[in-house]
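A note on names: the letters A, B, ... follow the listed sequences, proteins ahead of strands, and every chain is numbered from 1.
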Number of protein chains: 2
Amino acid sequence: MIMKYKTVIVDDHPIVISGISGLLSDLENIEIVEKFESGIVLLDYIEDNKVDLILMDIFLPVINGVDLCKTIKQKHPKIVIIGMSSQSERSLVMQFIQNGGNGYILKNASFDEFKECIYKAIDGEIVFSEEVKTIISQPLSEDLERIPGLSRRERDIALLLSQGKSTQEIADDLFLSFLTVQTHRRNILQKYKMKNVAELIAFLLKNNMLN
Amino acid sequence: MIMKYKTVIVDDHPIVISGISGLLSDLENIEIVEKFESGIVLLDYIEDNKVDLILMDIFLPVINGVDLCKTIKQKHPKIVIIGMSSQSERSLVMQFIQNGGNGYILKNASFDEFKECIYKAIDGEIVFSEEVKTIISQPLSEDLERIPGLSRRERDIALLLSQGKSTQEIADDLFLSFLTVQTHRRNILQKYKMKNVAELIAFLLKNNMLN
DNA sequence: GGAACAATACCTGATAAAATGTATTTTTTA
DNA sequence: TAAAAAATACATTTTATCAGGTATTGTTCC
């Protein structure tokens with residue numbers, strides 16, 4: 001008896017579900033056991049049934065693919081999850097992988113790509129379809145845009161701000177005057193045209209400018 | 001004439017440089033053209049010399065591997081960069097890839113792993129050594145720790161806070177009373193025991209709880 | 001149908017941050 | 001070595017946040 005990988009497809013477009021199941025039907029060791037149009041139903045299903053592989057759309061109603069992946073991986077880390085979408089955005093792919101995804105395929109990928117990605121993913125690889133690889137490995141200049149960096153002192157202060165410290169606490173930590181810290185704060189906010197510290201921290205973290 | 005990939009190794013441990021160059025010396029189409037112990041020197045070098053592949057330690061003095069990779073990729077997106085370290089941490093690997101890295105290898109990887117990763121990376125793949133793959137694809141429960149989530153309204157408000165909006169602006173945006181927004185703010189801060197909004201935003205972003 | 005949670009709203013005092021203007025010293029770099 | 005950038009510091013006014021307590025009305029889930 002051949003062991004088949006029990007596979008589930010989740011996509012809110014029936015036409016896509018049918019397309020993918022057609023593509024996968026001639027893969028020998030893949031057995032499509034279910035097809036869902038919503039993540040919530042999937043969550044119920046995997047509680048009661050063995051699943052080895054999930055192919056899921058990233059843009060789903062109610063619960064999005066990233067959160068869905070995260071939720072599943074918490075309880076079932078062994079399930080291999082491959083994300084799919086029509087268009088791809090760098091940060092989205094990374095977020096998906098960061099939340100436990102085992103790979104990411106663009107829906108315009110060829111049958112061969114699908115096949116190869118799925119086999120490799122089952123084998124423990126982290127897989128990406130061709131176009132996704134290009135997107136990831138050749139980041140557009142906008143992704144790595146040159147933003148004028150923080151000076152060393154500004155960085156120190158921004159880091160402490162992100163830890164919830166007040167101006168006075170930062171001054172004490174760094175053995176500076178309250179007024180000096182106040183000036184640095186202002187300079188940082190002005191440099192990036194941020195309205196307040198909350199927006200600043202969000203900006204810095206999203207651009208990997210802290211740590 | 002065989003085209004060889006001009007390769008540079010960057011590591012602040014001479015012993016590691018020698019080890020890796022030993023490993024790579026019998027790869028046919030890899031030519032080690034330089035070895036550096038610091039990222040700054042590397043940056044100068046690539047301005048004047050053709051480089052195809054860089055193997056770099058992540059923990060470098062002065063400038064760390066992630067920033068170094070980012071800086072290089074901005075100007076030279078075609079250069080393939082593989083990160084290396086002795087121990088691996090999930091978030092660090094992801095950060096490296098997010099900043100343009102083409103792969104990540106743990107230094108305890110076998111020669112075969114090194115070889116395979118390097119060839120695949122040159123071929124356009126995003127590569128990870130075995131142990132890294134395991135770390136990424138089977139996230140520890142702590143990585144996906146279940147933090148009590150934000151309610152829908154709290155999420156709306158947190159998102160607007162991360163955009164630098166004030167309580168009054170949020171109230172206007174969501175057609176709520178100023179006082180209601182104030183209550184939500186307080187509830188969110190209390191839920192995660194955060195001192196202020198700056199710390200909260202940092203926390204939420206680091207745990208992928210916004211977006 | 002009742003408990004638990006979520007969303008809404010109000011009040012107030014203390015504290016902190018933001019906006020604005022200025023200025024000196026030190027360090028880096030062209 | 002001169003110019004530029006960074007770090008330091010002071011003073012004040014206005015505005016916003018934080019922390020405390022309280023309460024009503026929907027929702028959602030056993």
For DNA chain C, note the earliest and the latest nucleotide, 5' to 3', having some atom under 4.0 Å of a heavy atom belonging to chain B. C/dA6 to C/dT12
Can we say B/R153 and B/D156 salt-bridge, meaning some charged N sits less than 4.0 Å from an Asp/Glu carboxylate O? yes
Could you check how far CZ of A/R155 sits from C1' of D/dA7, rounded to whole Å? 17 Å
Using every non-hydrogen atom in the two residues, find where B/M56 and B/I81 come nearest and quote the distance to one decimal. CE-CG2, 3.7 Å
For B/D173, which of B/Q168, B/Q163, B/K165 qualifies under side-chain hydrogen bond (donor to acceptor under 3.5 Å, both in side chains)? B/K165
Any side-chain donor-acceptor pair under 3.5 Å between B/N102 and A/K133? no
How long is the span from the OH atom in A/Y5 to the CG atom in A/N29, to the nearest 0.5 Å? 6.5 Å
Starting at the 5' end of nucleotides 8-19 of chain D, put B wherever the base has a protein heavy atom under 4.0 Å, S where only the sugar-phosphate does, and a dash everywhere else. BBBBB----SSB
Determine yes or no for a side-chain-to-main-chain donor-acceptor pair under 3.5 angstrom, with A/Q190 supplying the side chain and A/N187 the backbone. no
Are more than 12 heavy atoms, taken from residues, nucleotides or ligands other than A/K120, located less than 6.0 Å from that residue's NZ atom? yes
Side chains of B/L179 and B/H184, heavy atoms from C-beta outward: is any pair under 4.5 Å? no
